[in-house]
Amino acid sequence: MLVLLGTGVVANVALIKNKGFNGGFLMVNIGWGLAVFSGVTVAYNSGAHLNPAVTLGLVANGAKTFGNAALHTLVVVNPGTVLLYILAQMIGAFIGAVFTWLAYKQHFDAEPEPANKLGVFSTGPAIRSYAWNLVTEIIGTFVLVFVVIAFGHQPGVSGLAALGALPVALLVIVIGTSLGGPTGYAINPARDLGPRIAHFVLPIKGKGSSDWSYAWVPVVGPILGGVLAGWAALAWLPLLK
């Protein structure tokens, strides 16, 4: 649901002959935020884990279980469950991207620019500089994971799913409007890599390259940012009490 609606808003804005064509970056930011709202809402059983960077950030922060305590769906955190969560996130992202392609099939066929087609599926830098692009993704994901963990420190709140979907959606919107310009703010390895694989394998007319030379940035950057945020929250959030 996250990737279907998130890549869907990009398709609406970027692909020719759409009613939302040229809707602008703010429309994309709002669409992605509400896509997160939808994803968190339907992923409650897992603890609303939609992002490997968040999952690994919570592990770095000392999480012992994943899931929803209120629904008794908790699982013990170990290498196997972490890998299973990440695999599920990747599969979900791939499927969401495929459904976006199906919804916009005629517009993909009509779009003359390969870069616009790839931009529906995955992120790319405004100015290509791998080191600085990596820094941007680290910072954006750090903000995401650190604030998500801070949400969990609020009185009476426990676990990611208990946060409510709206605060996380608003957080994603503000990351996009504030930090999203340089790289398109992947801030989620599954959100970028799963759809990029879909772009690579789908029979998209005139699709061009999947830009694998850049693909490591929106994977490595968010993982580093998420883990650093998990560690930083251990030290800094107790000070705020």
Taking atom [atom1] of [X] and atom [atom2] of [Y], what is their separation to the nearest 0.5 Å?
| X | Y | atom1 | atom2 | result |
| --- | --- | --- | --- | --- |
| Arg196 | Arg191 | CZ | CZ | 8.5 Å |
| Gln89 | Leu87 | CD | CG | 9.5 Å |
| Thr183 | Ile127 | OG1 | CD1 | 11.5 Å |
| Thr100 | Leu5 | OG1 | CG | 7.5 Å |
| Ile197 | Phe94 | CD1 | CZ | 7.5 Å |
| Asp109 | Lys205 | CG | NZ | 5.5 Å |

Is the shortest heavy-atom distance from the side chain of [X] to the side chain of [Y] under 4.5 Å?
| X | Y | value |
| --- | --- | --- |
| Thr81 | Asn78 | yes |
| Leu202 | Phe121 | yes |
| Ser38 | Leu2 | no |
| Phe25 | Val13 | no |

Group every Ile, Leu, Val, Met, Phe, Trp and Tyr by side-chain heavy-atom contacts under 4.5 Å, then state whether [X] and [Y] land in the same group.
| X | Y | answer |
| --- | --- | --- |
| Leu58 | Trp231 | yes |
| Val76 | Tyr85 | no |
| Leu84 | Ile95 | no |
| Val9 | Leu34 | no |

I need the minimum non-hydrogen distance between [X] and [Y], along with the two atoms involved.
| X | Y | value |
| --- | --- | --- |
| Ala126 | Gly181 | CB-O, 3.8 Å |
| Ile16 | Pro112 | CG2-CD, 4.3 Å |
| Glu111 | Ala14 | OE1-O, 3.5 Å |
| Leu56 | Val227 | CB-CG2, 4.1 Å |
| Gly221 | Ile138 | O-CG1, 3.4 Å |
| Asn61 | Ala233 | ND2-CB, 3.5 Å |

Return yes if some donor-acceptor pair links the side-chain N/O of [X] with the main-chain N/O of [Y] below 3.5 Å, else return no.
| X | Y | answer |
| --- | --- | --- |
| Glu137 | Val217 | no |
| Asn51 | Ile187 | yes |
| Ser210 | Trp212 | no |
| Lys207 | Phe200 | yes |
| Lys117 | Phe108 | yes |
| Asn18 | Leu15 | yes |

inquiry  = Hydrogens and angles aside, do Asp192 and Thr123 bring a side-chain donor and acceptor to less than 3.5 Å of each other?
reply    =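 Checked: Asp192/Thr123 side chains pair up, N/O donor to acceptor below 3.5 Å.
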request  = Return the orientation label for the Phe66 and His49 ring planes: parallel under 30°, perpendicular over 60°, tilted otherwise.
outcome  = tilted
task = Only one of Val36, Ile175, Ile149, Leu179 passes side chain to side chain contact (heavy atoms under 4.5 Å, CB included) with Leu144; say which it is.
result = Ile175
Phe146/Phe142 aromatic ring centres below 6.0 Å =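 Between Phe142 and Phe146, which both carry aromatic rings, the centre distance is below 6.0 Å.
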[atom1] ([X]) with more than 12 external heavy atoms under 6.0 Å:
| X | atom1 | value |
| --- | --- | --- |
| Met1 | CE | no |
| Trp216 | CH2 | yes |
| Phe99 | CZ | no |

message = Checking Tyr185 against Trp32 for the ring-ring contact (aromatic ring centres under 6.0 Å, His included) test, could you report, in this order, the C-alpha distance in whole Å, the side-chain angles of both residues, the deciding distance, and whether it holds?
response = CA-CA 10 Å; Tyr185 75 120; Trp32 267 108; 7.3 Å; no
